[in-house]
Protein chains: 2
Amino acid sequence: MVMSADTALGFRPLYLQVREEITRQLASGRWQPGTMLPSEQELARELGVSQGTVRKALDAMTAERILVRRQGRGTFVAEYEDSRILFQFFRFFPDEGERLFPVSKVLNLSSAMPNPREREALALAENATVWRLSRLRYHGPELMLREMLSLPTEVFPGLSEIGEIPNNVYRLYSQHWGVTVTRIAEKLKAVPADEADSAELNCSLGTPLLEVRRTAFDLNKRPVEYRESRCLTEAMHYASDLS
Amino acid sequence: MVMSADTALGFRPLYLQVREEITRQLASGRWQPGTMLPSEQELARELGVSQGTVRKALDAMTAERILVRRQGRGTFVAEYEDSRILFQFFRFFPDEGERLFPVSKVLNLSSAMPNPREREALALAENATVWRLSRLRYHGPELMLREMLSLPTEVFPGLSEIGEIPNNVYRLYSQHWGVTVTRIAEKLKAVPADEADSAELNCSLGTPLLEVRRTAFDLNKRPVEYRESRCLTEAMHYASDLS
DNA sequence: CAGTGGTCTAGACCACGTA
DNA sequence: ACGTGGTCTAGACCACTGT
């Protein structure tokens, strides 16, 4: 495959075209998470560009955390290890003490017609259905939050046949359906605990909770998960870094 | 100035040394916000490295939003225009409708001995004092939040003589004291409105508020501002993007 | 047109990890 | 010793901006 920078209409930098081509092959399953990509030299040969151009594309994908580069070893497809999830996709910290991976307890899994919020967040077609997974999450022994995940059944066929839903669902999405979550958008509000919150979180009615509405996107920028969490923040906080 | 990559002890990439040197000159006031840096070629000559190495340093500083590069024009020191503040440093959005720059109403400005939270966040010396600036902020006509800013008096001498504190304090810090805010860390919680909240925000006692504790850092990674905000989130939300 | 940053190339050498 | 990514250089050409 040979690429060119100056086409008749619309100039597109070569390294962006290379990045797209590699992303396409990634999305099509050529390389699984954890496996090594060909070396820069080899990719350059395959694509008919110089090594420097491949490097710029790989550097950009590394910055997006889609790839991981290790000097002396190679370039790898990023995996969803717990440590990465904790670092990249989970913003809750204990006010004091050590950070732990949030353990989950599944309450319910069912399929349903989407409500308007789900339909909008997941950009669903008219007759599409969703899985709804509700669970509680703990930081060590302490109950931290309750949440409901909404997933398009079309994207995750057979989800209800999975024996046990693990803590780390992004790894599950990747391993079972080849769905790679790359970006997450969250909207936060302070809300009073309603009756369901009060019952499940063991707090009194009206207790301030941090509500998080999350939408997760895959490699093709398609929304693949919508999630609403309600969190007790007496001993925990949500950390946000602007830079 | 000539730089070298391989010193006896401790290898440090040249472009990182270049970035540090440029940051140092920036912090020392060689170039003011809004002004143009010398061209890549000229910087390369000054520093005794190749243009490509200067470029890598400038690209890194552009990614950190310290510099702005404009093709065909030059490389400029980033300014604190309202649009940048709104985009980079302010995460509140109306649930519906257009986004506006939050107008501020100053309630009080005084100096005081720091409390433990201020002392810790600002890494203050034993006998250091702080300015305390409290204000309300509005989104259009709607009251949005109340907040208190804490600033080391040592870093901002003469603050109380400023005629009117503007909405955009980061531009003020830059213009009056040469303080460049580059990074912000925020911790969020849901808290019940106390009596002061209730009085100032016109809400009932116990209303859930989003509390934000912010620390802002300058070019030298020194904390220069600590801020506690309490926000009504009935018609607004805090947006967080993880990617 | 001249000057700037942006892209692309080719090649040399360094640091790191593995065998 | 070898192969990988990481750094650095030098130079060519392109795209954008202002004169």
Side-chain angles (χ1 to χ4, degrees), chain A residues 1-22 26 31 34-79, chain B residues 1-22 26 31 34-79:
Chain A
M1 172 179 191
V2 176
M3 311 182 102
S4 71
D6 49 0
T7 54
L9 48 108
F11 166 82
R12 206 86 202 303
L14 246 191
Y15 76 91
L16 289 181
Q17 297 179 44
V18 169
R19 187 182 69 174
E20 273 161 29
E21 177 56 27
I22 295 176
L26 212 49
W31 308 290
T35 61
M36 192 174 105
L37 264 62
S39 74
E40 293 180 351
Q41 290 288 0
E42 202 166 323
L43 282 172
R45 269 198 304 279
E46 275 185 35
L47 300 169
V49 301
S50 80
Q51 186 195 8
T53 301
V54 169
R55 160 155 294 161
K56 198 158 177 184
L58 295 181
D59 281 347
M61 297 179 71
T62 302
E64 294 178 80
R65 297 195 178 90
I66 296 170
L67 302 177
V68 177
R69 315 191 72 180
R70 282 183 279 216
Q71 191 174 32
R73 299 194 46 202
T75 302
F76 299 81
V77 183
E79 292 183 272
Chain B
M1 171 179 195
V2 175
M3 311 182 101
S4 70
D6 50 359
T7 53
L9 47 109
F11 167 82
R12 206 85 203 303
L14 246 192
Y15 76 91
L16 289 180
Q17 297 179 44
V18 169
R19 187 182 70 174
E20 273 161 30
E21 178 56 26
I22 295 175
L26 211 49
W31 306 291
T35 62
M36 192 174 106
L37 265 64
S39 73
E40 295 179 350
Q41 290 288 0
E42 203 167 322
L43 282 172
R45 268 198 304 278
E46 275 185 34
L47 300 169
V49 301
S50 80
Q51 187 197 8
T53 301
V54 170
R55 161 155 295 160
K56 198 158 177 183
L58 295 181
D59 281 348
M61 296 178 74
T62 302
E64 294 177 80
R65 299 195 177 91
I66 296 170
L67 302 177
V68 177
R69 316 190 72 180
R70 282 182 279 217
Q71 191 175 31
R73 298 192 49 198
T75 302
F76 298 82
V77 184
E79 292 185 274

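Below, chains carry the letters A, B, ... as their sequence lines are ordered, and counting in each starts from 1.
- Residues passing the salt bridge (charged side-chain N to carboxylate O under 4.0 Å, His left out) test with B/Arg69 are B/Glu40, B/Asp59, sequence neighbours excluded.
- Using a 4.0 Å cut-off, some side-chain N or O of B/Thr53 falls inside it from OP1 or OP2 of D/dT9.
- Under the side-chain hydrogen bond (donor to acceptor under 3.5 Å, both in side chains) criterion, B/Gln71 pairs with no residue, sequence neighbours left out.
- Applying the salt bridge (charged side-chain N to carboxylate O under 4.0 Å, His left out) criterion to B/Glu79, with sequence neighbours excluded, gives no partner residue.
- Listed pair B/Lys56 / D/dT7 meets the phosphate criterion, a side-chain N or O lying under 4.0 Å from OP1 or OP2.
- Contacts with DNA chain D (heavy atom under 4.0 Å) in residues 59-70 of chain A: A/Arg69, A/Arg70, listed by number.
- Looking at residues two or more places apart in sequence or on another chain, you find no side-chain hydrogen bond (donor to acceptor under 3.5 Å, both in side chains) involving B/Glu42.
- Regarding A/Met36, its CE atom lies at a distance of 19 Å from the P atom of C/dC16, rounded to whole Å.
- Here A/Glu64 pairs with A/Arg19 under the salt bridge (charged side-chain N to carboxylate O under 4.0 Å, His left out) rule; sequence neighbours left out.
- One interatomic measurement links the two molecules: CD of B/Gln17 to C1' of D/dT7, which rounds to 12 Å at whole-angstrom precision.
- Atoms CZ and CG, from B/Phe76 and B/Leu37 in turn, are 9.5 Å apart once rounded to the nearest 0.5 Å.
- Look at CG on B/Leu16: it is 10 Å from C1' on D/dT7, rounded to the nearest Å.
- To the nearest angstrom, C1' of C/dT9 lies 15 Å from CG of A/Leu47.
- Here the side chains of A/Leu43 and A/Val18 are not in contact, with every heavy-atom distance at 4.5 Å or above.
- With rounding to the nearest 0.5 angstrom, the OG atom of A/Ser50 is 13.0 Å from the CZ atom of A/Arg45.
- The structure places CG of B/Leu67 at 6.5 Å from CG of B/Leu26, a figure rounded to the nearest 0.5 Å.
- Between A/Gln41 atom CD and C/dC13 atom C1' there is a gap of 14 Å when expressed in whole angstrom units.
- Counting only heavy atoms from C-beta outward, the side chains of A/Thr75 and A/Met61 never approach each other to under 4.5 Å.
- We find the CZ-CD distance between A/Arg55 and A/Gln41 to be 9.0 Å, quoted to the nearest 0.5 Å.
- Summarising the geometry, the separation between CZ on B/Arg45 and C1' on C/dT4 is reported as 13 Å, rounded to the nearest angstrom.
- Defining each end axis of the helix from C/dC1-D/dG18 to C/dT18-D/dA1 as the rotation carrying four pairs' C1' atoms onto the next four, with five pairs an end, the two axes are found to diverge by 10° to 10 degrees.
- At whole-Å resolution of the value, CD in B/Gln51 and P in C/dT9 are 17 Å apart.
- Donor-acceptor pairing under 3.5 Å, judged by distance alone, is present between the side chain of A/Arg55 and the base of D/dT7.
- As a whole-Å value, the separation of A/Glu40 CD from C/dA15 P is 18 Å.
- Checked against side-chain hydrogen bond (donor to acceptor under 3.5 Å, both in side chains), B/Thr35 has no partners two or more places apart in sequence or in another chain.
- Between A/Ser50 and C/dA10 there is no side-chain polar atom (N or O) within less than 4.0 angstrom of OP1 or OP2.
- Side-chain N/O atoms of A/Tyr15 include none lying less than 4.0 angstrom from OP1 or OP2 on C/dC8.
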Using a cut-off of under 3.5 Å, enumerate the N/O to N/O pairs linking the protein to nucleotides 1-3 of chain D.
residue : atom : partner : partner atom : Å
D/dG3   : N2   : A/Gly72 : O            : 2.7

